[in-house]
Structures are given as C-alpha cells and as structure tokens.
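Accompanying notes for the structure given below.
Chain letters run A, B, ... following the sequence lines, proteins first, then strands; residues in each count from 1. Predicted model only: the values in this text are computed from it and were never measured.
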Number of protein chains: 2
Amino acid sequence: MVKRTARAVSRYHHGDLKSAALSAAEKILERDGLQAVTLRAVARAVGVSHTAPKNHFGDLMGLLSEIAAVGYLRFAAALAEAVNPTSGHARDRLRAMGSAYVTFARAHPNLFLLMFHSERLDMKRPSLLAAIDESRQSLRTAVISSADARPMNPVEVAARATASWSLVHGLAMLLLDGRLKNTMASLPGVDVETFLETVLDVARVGD
Amino acid sequence: MVKRTARAVSRYHHGDLKSAALSAAEKILERDGLQAVTLRAVARAVGVSHTAPKNHFGDLMGLLSEIAAVGYLRFAAALAEAVNPTSGHARDRLRAMGSAYVTFARAHPNLFLLMFHSERLDMKRPSLLAAIDESRQSLRTAVISSADARPMNPVEVAARATASWSLVHGLAMLLLDGRLKNTMASLPGVDVETFLETVLDVARVGD
DNA sequence: CCACAATATTTCCAGTGTAAATATTGTACA
DNA sequence: TGTACAATATTTACACTGGAAATATTGTGG
C-alpha cells in the first residue's frame, strides 16, 4: 500500500488534512446527503481525531462553506464552458447557459442544494464569496451579451437578468426536490432531459 | 389566568397537544429558523416531556411534515384568493398568482423553505400529500385558464406550466436565499416589491 | 366499575458540535 | 546544529439532540 501523497508516516500531523477532508466531505455529501456531512464523520473518513478539522475550518458551517466554495468554482467553470463553443447568436448563448445550469444541478444535486442553502453557509467567508462571485461573472457575461439592441433602463436590464436566472434556478430546484415527478409521470415516453430542454425552449424570457 | 381551551387541569394529558405543538413549532420555525425546530424545544414550549410529541408525530420528520402540510393549506388558500377577484384576462390571473406565490414566500420565509425541503419531509405522509395536492390544484387552475386558444400538444402545455412555476419558484428561492441582494443594491431607489413585480412583468412566459 | 387503548413521563443510549487543555511536529532563527 | 515558537493533532469534557423502552396516568367503551 503506497503512502498518501506527501510524506505521511508518523500518523500525527496528517500533512494534507484540509484538502483530504474537503474531498472526503464532498464524497459523503453526494453519497449520503447533507445531513450525513458531519465533522466527526469527515474526521473518521480521513482517519483523524474528531476535532482535527477545527484547525482548518473552524466549525461545521466553515466546512460546509468550503465545500460550497469548491462547488461554485466548478459551477463557474461549467457555465463558462457552455458559452464558449457557442459562437451563434447571443440568445443561443443564454439558452446554452441555462441548459448547463440545470445539467450541473442534476449532476451534483446535493452539492447544488448546499450551494443555495445559505442557512448552512457562512456568507462572510472570503473563499466562498470569491467563488460565488466567479459564478456570477459567468452568468453575467451570457445575460449581458444577450441584451437587445434597443435601449433599456437599468431596472429592466436587471429584471430580465433576474427573470432568466429565476427560471433556470427554479427549474433546477423543483427538479431536485422531486416536484416534477407528477408532471413527468403524466407524459409517458418523454424523458427528463428532453422535457427540460422543452421548458427552456418554451420560456424564451423577455420577448 | 384562564385555562387553555379544553379542560386541562391535571397537567398529565395535555388534552390538545397535537395542535398546540404544531402552532408552537411553527412559531419557533418562523422566529428562529429550521435548525431551531427540535422535538425537545417544541415539547418545552408546550410544557410537556420531550418524548410526548412522539405519540402524535412519530419522529422529527413527522412533525416537520405536519408543519409543512399546514403551510401548504395556507399556501393553497392564498393562491386561490389571488385568482378569485381577478375577473380579467386569463393571463392576468396567471400573473396575479405569480405575485401571490412570491408574496407568500416573503411573508413566511422559513415555512416556505421547509415546504420545499423534501430532505426533511416525509413525502409519503398522507396529510402532507393531500395539502400539496391542494396547492397544486390552485396552481393548475390558473395555468390551465391561461392556455391559448390555439391547440398545443400535452408536452408543450406541461412545459409552459412548468416554466411558469419555475420562474416564480426560482424568484422566491433566490430572494429568500439572499441571492438578489447584489442586484437590489445596484438599483438604488428601487424597493423590493416593485422590482419583483417588474421581473414578473418582464417575464411573460410563453409568447 | 373495569379492562384497555391512548397519552404522557422517566430513564437510558448513541451521536453530534464545540470548548479547553494537552501533546506532537515543522520551521524559522540563533 | 539546536531551540523557541507556531501550526497541527489529540484527549477529555460537556451540553445538546433524536429516539427506544419501560412505566405511569387518564379517558372511554363494555
């Protein structure tokens, strides 16, 4: 059995506890849900005393915030990726980002739910704020580039951006919370991804 | 000091524990958040041993489910109320219901968040299912009545309904999670309700 | 009036977050 | 090289939680 990554032999001083704990926590989150993400469970998974994580995350909220921060960085990358190849019209880029938004939520449901669960997050934590801001940048570029030629006042611009965001976010949340099961059941032969794309097509926000 | 409602003198056998516990729990929920809703806290608030609620709710998830059920009944009433007086066009009714949806979420934020937090709910509990179905009925009437004259296939009908729902739900969730603070801060002089109405106006879903 | 079901209490246990004191280790500096 | 110091980890302790199990009280139908 090979030694971990760094020189870790003595067992005291894990050597890479922070990142090890983060990935262990993320695994627990996706596998067993948020309620299973526990300081003690993470510590057990990494093979360390149950108070060791405190040095790196402070408390449970700190740990969850760091997990969410990692999620936001991946989220931002996924959104940016979705826009890049689409060299078509601005509206197509917005549409592609909406699709990527929902796809990410489906691919990492528990992580996504945590990311929008402020009650469990420390919204003053710098790393989390920075990661959120990165996602916001990704979103903004697509929304801005889809602005019409005709002049709009700032409120209308913000309202359209918020409407677009609300649509994709609400769709993701309803889906993850199982609220679309009835709808899907009433449409035999229609698979989920097809239906989600139809929703995004039908709802061309603003005009 | 007047006796409670029913004849409750002996202190053993509360007499109306279920409803008393429910309203106490709801008060705690709105005042201190979901994490404060605890079987023991509710029992303390009602002045009863900490295992007494078990007889009525089974476990914590059962209690939370009953609270959510009450919320869904109120939610359904609020939505139905919003549609009733509006005798105008079908689209106006849909618009009014969207406004009522967001208004309810703002008026009872923690309750609303619980209602869409399946992880904490027992979605097999009959009372909860019935209450959810009542809300769904309220929503459905408005959406159906706003359907165009021109024929649509079932998938498009469902997609439009889902898009409308997603928009208002996403708007409510983003707002409650504090995700619109930045946007609002960038629009000095615009108050929240005005902005929310603008979002709903801008996003006339489907056509 | 009494057996029984419903309701409430008491007692107990395992699991959790967190604080405080202690122990070990890496490292900068002499 | 060696040593004080900061960083990191452990041990111990405590208050809280959900829940199971045994017990006690009360309402009610027979």
Side-chain angles (χ1 to χ4, degrees), chain A residues 3-25 28-29 31-68 114 117 119-122 125, chain B residues 3-25 28-29 31-68 114 117 119-122 125:
Chain A
K3 299 289 183 292
R4 289 287 155 163
T5 50
R7 48 276 159 71
V9 181
S10 56
R11 194 102 72 284
Y12 211 115
H13 278 205
H14 179 286
D16 196 26
L17 181 54
K18 182 165 185 179
S19 69
L22 268 180
S23 57
I28 295 174
L29 173 64
R31 182 160 38 86
D32 305 320
L34 180 57
Q35 90 293 339
V37 179
T38 255
L39 283 174
R40 292 169 116 105
V42 170
R44 276 193 298 268
V46 179
V48 101
S49 81
H50 73 277
T51 53
K54 193 181 192 186
N55 296 306
H56 302 278
F57 306 105
D59 54 9
L60 178 58
M61 183 174 274
L63 171 63
L64 296 179
S65 301
E66 295 286 343
I67 299 172
L114 173 62
H117 201 340
E119 206 178 35
R120 308 298 304 273
L121 303 177
D122 177 10
R125 206 176 185 89
Chain B
K3 299 286 184 293
R4 287 292 153 160
T5 52
R7 51 275 158 75
V9 180
S10 57
R11 193 99 76 286
Y12 211 115
H13 276 203
H14 180 284
D16 195 26
L17 181 56
K18 183 164 184 179
S19 68
L22 268 181
S23 56
I28 294 174
L29 173 64
R31 182 159 39 86
D32 304 322
L34 180 57
Q35 90 293 337
V37 180
T38 252
L39 283 175
R40 294 171 114 105
V42 171
R44 277 193 299 266
V46 179
V48 102
S49 81
H50 75 275
T51 53
K54 194 182 192 184
N55 295 308
H56 303 277
F57 307 104
D59 56 7
L60 178 58
M61 183 174 274
L63 171 61
L64 296 179
S65 301
E66 294 287 344
I67 300 172
L114 172 62
H117 202 341
E119 207 179 35
R120 307 299 303 276
L121 303 178
D122 177 8
R125 205 176 185 88

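Checked against D/dG18, C/dT7, C/dT9, the side chain of B/His56 finds its nearest nucleotide in C/dT7. Taking only side-chain atoms of A/Thr51, from C-beta outward, the nucleotide of D/dT12, D/dT17, C/dG17 with the closest atom is D/dT12. For B/Ser49, the side-chain atoms get nearest to C/dA8 when compared with the rest of D/dA9, C/dA8, C/dG17. Distance from the side chain of A/Asp59 is smallest to C/dT18 among D/dG18, C/dT9, C/dT18.
The CG atom of A/Leu29 lies 12.5 Å from the OG atom of A/Ser23; values are rounded to the nearest 0.5 Å. Expressed to the nearest 0.5 Å, how far CD1 of B/Ile67 lies from CZ of B/Phe57 amounts to 7.5 Å. Rounded to the nearest 0.5 Å, atoms CG (A/Leu121) and CD (A/Glu66) are 11.0 Å apart.
In this structure, A/His14 places its NE2 atom 14 Å from P of C/dG26, rounding to the nearest Å. At whole-Å resolution of the value, CZ in A/Phe57 and C1' in C/dT18 are 16 Å apart. Spacing between atom CG of A/Leu17 and atom C1' of D/dA7 amounts to 12 Å, rounded to whole angstrom units. In this entry the distance linking CG of B/Leu60 with C1' of D/dA20 reads 16 Å, nearest Å. Atoms CG (A/Leu63) and C1' (C/dT16) sit 14 Å apart, rounded to a whole Å. The separation between B/Gln35 atom CD and C/dG17 atom P is 14 Å, rounded to whole Å.
Within the 4.0 Å cut-off from OP1 or OP2 of D/dC16, not a single side-chain nitrogen or oxygen of B/Arg44 is found. OP1 or OP2 of D/dG18 has at least one side-chain nitrogen or oxygen of B/Thr38 nearer than 4.0 Å. At the phosphate of C/dG17, neither OP1 nor OP2 sits under 4.0 Å from any side-chain N or O atom of A/Lys54.
Closest of all the heavy-atom pairs between A/Ala43 and A/His50 is CB-CA, 3.6 Å. Shortest non-hydrogen contact noted between A/Val37 and A/Ala25 is CG2-O, 4.0 Å.
Note on B/Arg120: nothing from the nucleic acid sits closer than 4.0 angstrom, heavy atoms only.
Under 3.5 Å, the side chain of B/Asn55 and the base of C/dA8 form at least one donor-acceptor pair of N or O atoms. A donor N or O paired with an acceptor N or O is not found under 3.5 Å between the base of C/dT10 and the side-chain atoms of B/His50. Counting distance only, with no hydrogens placed and no angle test, the side-chain atoms of A/Arg40 and the base atoms of C/dG15 include no donor-acceptor pair under 3.5 Å.
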